[in-house]
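Worksheet: one structure, shown below.
Source: prediction; values computed, not measured.
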Amino acid sequence: GFTVTGTLDRAPVTLAGGQPGDALILTRPIGSGVLLAGAMRGRGRGAMQGQVRGPDLAALLDLLATPYGAAAAELRDAHAMTDVTGFGLAGHLADICRASRLGAALPLHPGAETVAGAGVRSSIWPANRAALDGLIGSGQGARYDLLFDPQTAGGLLAAVPEAGLDARFERLRRAGV
């Protein structure tokens, strides 16, 4: 990791700035924690015992090595933003949504739902789930469980004005996000 110290010529983007009517953008799919946990379970046992398919792990590692620069530049006018990391999407999304009425569609890494459906969880998954007990409704299944999956180099989660959203998505796609 690294630390950047400096000054801003405007107010910082924080978790607390989300506004009703904002759209949520997540710049990377979720599921990196469960895929990496599944890959670690396969170490030393040949072809990973079917926990994670090789192409899924390779695609994940390629994405994790991609810098955030283009996404951050495109989201510079976000009302609220955070990177999605160890607290999982649910933890970071709950932080932003406490003061807003926002919704989200959840992109998943290829293979993540299958691995989560097989019961694979990272070591801090239970703590992430427990931390949000009572704040997030109950649910079941692999997609719900992935809300609490700690992410490695997870995407940026930003609450942005809905105006111009299609053009913003196109710019993000062209930038490889």
Side-chain angles (χ1 to χ4, degrees), residues 1-34 36 63-64 66-109 112 116 121-177:
F2 63 91
T3 300
V4 177
T5 303
T7 59
L8 289 172
D9 58 0
R10 60 179 175 81
V13 177
T14 68
L15 295 172
Q19 300 173 11
D22 278 353
L24 287 177
I25 294 177
L26 179 62
T27 63
R28 291 185 179 176
I30 61 173
S32 63
V34 73
L36 292 171
L63 184 61
L64 296 184
T66 304
Y68 290 112
E74 181 56 42
L75 299 172
R76 66 189 168 278
D77 66 337
H79 292 145
M81 185 164 35
T82 186
D83 61 327
V84 178
T85 56
F87 297 116
L89 178 60
H92 294 285
L93 186 56
D95 286 342
I96 289 178
C97 289
R98 282 189 178 116
S100 309
R101 287 184 227 150
L102 304 171
L106 304 177
L108 304 177
H109 281 290
R121 304 286 179 273
S122 70
S123 60
I124 63 173
W125 184 92
N128 285 350
R129 178 64 187 103
L132 294 164
D133 193 33
L135 294 175
I136 293 183
S138 61
Q140 314 179 15
R143 283 185 168 262
Y144 179 77
D145 289 347
L146 285 167
L147 288 171
F148 310 99
D149 184 47
Q151 301 303 289
T152 300
L156 300 174
L157 176 63
V160 300
E162 193 169 9
L165 197 57
D166 289 339
R168 184 186 306 265
F169 280 141
E170 184 55 35
R171 290 189 301 272
L172 285 165
R173 280 187 208 97
R174 280 195 312 261
V177 177

task: Apply the test side chain to side chain contact (heavy atoms under 4.5 Å, CB included) to residues H92 and T85: give CA-CA distance (whole Å), side-chain angles for both, the deciding distance (0.1 Å), then the verdict.
output: CA-CA 8 Å; H92 294 285; T85 56; 3.3 Å; yes
Hey, is the main chain of [Y] close enough, under 3.5 Å, to the side chain of [X] for a donor-acceptor pair?
X	Y	answer
Q151	G86	no
T152	S32	no
R129	P126	no

- request: State, yes or no, whether a side-chain contact exists between L108 and L146 at a heavy-atom distance under 4.5 Å.
  value: yes
- prompt: Would a 4.5 Å heavy-atom cut-off, applied to side chains only, mark L63 and P29 as touching?
  reply: yes
Taking all atoms of both residues into account, what is the closest heavy-atom pair of [X] and [Y], and its distance?
X	Y	value
G33	D149	N-OD2, 3.0 Å
G31	A112	CA-CB, 3.7 Å
V84	L26	CG2-CD1, 3.8 Å
H79	Q19	CE1-OE1, 3.5 Å
G155	T27	CA-OG1, 3.4 Å
L24	L93	CD1-CD1, 3.3 Å

statement: By salt bridge (Lys or Arg N to Asp or Glu O under 4.0 Å), D145 pairs with (sequence neighbours left out) R121
message: Among residues at least two apart in sequence or on other chains, which ones pass salt bridge (Lys or Arg N to Asp or Glu O under 4.0 Å) with R171?
response: E74
field: Over 12 non-hydrogen atoms of neighbours within 6.0 angstrom of CD in E170
entry: yes
Rounded at 0.5 Å granularity, tell me how far [atom1] in [X] sits from [atom2] in [Y].
X	Y	atom1	atom2	value
L36	L64	CG	CG	6.5 Å
R28	D83	CZ	CG	10.0 Å
I96	T14	CD1	OG1	9.0 Å
D77	R168	CG	CZ	4.0 Å

message: As a quick check of understanding, evaluate side chain to side chain contact (heavy atoms under 4.5 Å, CB included) for L165 and I25, giving each step before the final call.
response: CA-CA 10 Å; L165 197 57; I25 294 177; 4.0 Å; yes
